[in-house]
Amino acid sequence: MNLVFFTGAGISAESGLRTFRDSDGLWEEYKIEDVATPEAFARDPGLVLHFYNQRREQVLNARPNAAHRTIAELEEQFDVHVVTQNIDDLHERAGSSHVIHLHGEIRKARSTKDPRSVTEINGSTLLLGDRCPLGSQLRPHIVWFGEEVPMLDKAAEVVKQADVLVVVGSSLQVYPAASLIHCTSAGCPLHVVDPSDVESGSVHVTHWNEKASSGLPRLASWLKEKYG
Ligand code: NAD
């Protein structure tokens, strides 16, 4: 059975990484247009690099939680794919084998001249003057607002193959990523694990109204019972 997880900032909240829109969310301190757009990087690259250096430092200090680990453990019984909006690497560190990052990866940098030139960042900082082999400034390997989502088609293919789709910790408000829940084949059940109501449009969902670290283990037991 193909089990696909679509995860957002909420799954990493209990690892200490702040979410996007919750009341203590990250973006209240920063304006999106100041730190997460190509225009912001053109205007003030130092500020943008500083913002992502802070995020990277936090990710390096964070550990996967029970929700990340539960998803990785489900590989023992099911074909599991993860499509994440998160830029952290907590799914990989928990042991998940198939992870698609829709919005990029904080621990990587890429060339401003050639988007195919992607490198790992050693440590936590990317600075003005750090250059790719072609000699141009490196930027965070992040999909900024207003940019295309290069992994979207691949993610849509994965979602299409799902026998069960589980959304964890996403408000489903960031597009086009959120549109992926509409790519499932007919009859594919959709489960949502989130302590808040999540707006899913016309799609019927089974809502597991709790935090990821408790909801995922409970959902995993249920899935094993029903499909294992
Ligand atoms: P969002 O912030 O819009 O929504 C977060 C959702 O998580 C909310 O529905 C909230 O109720 C839920 N949530 C909060 N605590 C939870 C918990 N303990 N367990 C389960 N759910 C919980 O997040 P989004 O939909 O992912 O969109 C945010 C965008 O910001 C994404 O594109 C992502 O790239 C980026 N982002 C990433 C990280 C990260 O990589 N860890 C962190 C913040 C933001």
Side-chain angles (χ1 to χ4, degrees), residues 5-37 48 51-71 82-94 96 99-108 121 124 140-152 155 165-181 190-201 205-220:
F5 289 89
F6 178 71
T7 67
I11 195 171
S12 296
E14 291 166 87
S15 293
L17 301 177
R18 292 162 74 184
T19 61
F20 189 47
R21 291 204 171 73
D22 284 334
S23 53
D24 66 342
L26 185 60
W27 303 91
E28 289 188 357
E29 283 172 30
Y30 291 90
K31 289 194 198 131
I32 285 174
E33 57 270 28
D34 289 342
V35 290
T37 66
V48 174
F51 173 76
Y52 285 103
N53 286 344
Q54 287 182 318
R55 308 279 77 72
R56 196 173 301 108
E57 177 86 38
Q58 287 171 356
V59 167
L60 287 170
N61 288 323
R63 297 280 169 271
N65 64 52
H68 300 101
R69 289 196 299 273
T70 300
I71 293 174
V82 178
V83 175
T84 187
Q85 297 171 87
N86 293 345
I87 56 178
D88 65 55
D89 61 348
L90 297 182
H91 283 299
E92 286 91 340
R93 281 198 261 153
S96 281
V99 184
I100 293 178
H101 287 271
L102 286 172
H103 295 156
E105 295 170 72
I106 187 76
R107 296 185 65 181
K108 295 182 180 172
I121 298 172
S124 63
H141 184 46
I142 300 292
V143 176
W144 284 324
F145 288 88
E147 293 188 317
E148 298 227 331
V149 180
M151 299 304 280
L152 194 65
L165 178 65
V166 184
V167 175
V168 189
S170 173
S171 61
L172 297 177
Q173 285 180 45
V174 176
Y175 280 83
S179 63
L180 284 171
I181 64 162
L190 174 62
H191 295 261
V192 169
V193 182
D194 199 301
S196 304
D197 285 337
V198 170
E199 186 49 61
S200 63
V205 304
T206 304
H207 188 189
W208 300 68
N209 193 343
E210 57 186 301
K211 290 185 170 182
S213 64
S214 59
L216 251 299
R218 230 161 53 74
L219 174 62

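Just follow the structure's listing: the first ligand is 1, and inside any ligand the first atom is 1. What's counted below: heavy atoms across the whole structure, side chains too, no hydrogens, waters or symmetry copies.
- Ile11 contributes atom CD1, which lies 4.5 Å from atom NE2 of His68 (distance to the nearest 0.5 angstrom).
- Closest to atom 13 (N) of ligand 1 by heavy atom, among Gly104, Gly215, Ala9, Gly10, is Gly10.
- The N/O atoms of Ala13, backbone and side chain alike, include none that comes under 3.5 Å of an N/O atom in ligand 1.
- Under the 4.0 angstrom criterion for non-hydrogen atoms, Arg18 is in contact with ligand 1.
- Residue Ser12 approaches ligand 1 through these ligand atoms, each under 4.0 Å from one of its heavy atoms: 41 (N).
- Under the side-chain contact (heavy atoms from CB on, under 4.5 Å) criterion, Ala155 pairs with Val83, Ile100, Leu102, Leu180, sequence neighbours left out.
- Counting the atoms of ligand 1 from 1 in the order shown, those under 4.0 Å from a heavy atom of Glu14 are 17 (C), 18 (N), 19 (N).
- The aromatic rings of Tyr52 and Trp144 lie tilted to each other, with the angle between the two planes from 30° to 60°.
- Ligand-side atoms of ligand 1 in range of Val174: 27 (O), range being under 4.0 angstrom from any heavy atom.
- Partners of Asp34 by side-chain contact (heavy atoms from CB on, under 4.5 Å), not counting sequence neighbours, listed by chain and number: Lys31, Arg43, Leu47.
- Considering backbone and side-chain atoms alike, Lys211 places every N or O at 3.5 Å or more from each N or O of ligand 1.
- Here CD of Gln58 is found 4.5 Å from CZ of Arg55. Values are rounded to the nearest 0.5 Å.
- Evaluated by nearest non-hydrogen atom to atom 1 (P) of ligand 1, the leading choice among Pro195, Ser171, Ser15, Ala62 is Ser171.
- Listed by number with element, the atoms of ligand 1 under 4.0 angstrom from any heavy atom of Ala212 are 17 (C), 19 (N), 20 (C).
- To the nearest 0.5 Å, the span separating CZ on Arg18 from CD on Glu29 amounts to 4.5 Å.
- Scanning Asp194, Leu90, Asp197 for the heavy atom closest to atom 12 (C) of ligand 1 points to Asp194.
- Residue-ligand proximity, Ile87 to ligand 1, at heavy-atom distances under 4.0 Å covers atoms 39 (C), 40 (O).
- No side-chain donor-acceptor contact under 3.5 Å links His207 to the backbone of Asp197.
- Annotation for ligand 1: atoms under 4.0 Å from non-hydrogen atoms of Thr19 are 2 (O).
- Looking at Arg93 and Val59, their side chains come closer than 4.5 Å, going by heavy atoms from C-beta outward.
- Close approach of ligand 1 to Asn86 is summarised as follows: ligand atoms under 4.0 Å from at least one heavy atom of the residue are 37 (C), 38 (C), 39 (C), 40 (O), 41 (N).
- Atoms of ligand 1 found under 4.0 Å from any heavy atom of Gly8 (numbered from 1 in listed order, with element): 26 (O).
- Contact between Gln173 and ligand 1 is absent, with no heavy atom of the residue lying under 4.0 Å from the ligand.
- Between His191 and Trp208, the angle of the ring planes lies from 30° to 60°, which puts this pair in the tilted group.
- Atom CD1 of Ile142 is separated from atom NZ of Lys108 by 11.0 Å, given to the nearest 0.5 angstrom.
- Contact annotation for His103 and ligand 1: only side-chain heavy atoms (C-beta onward) come within less than 4.0 Å of the ligand.
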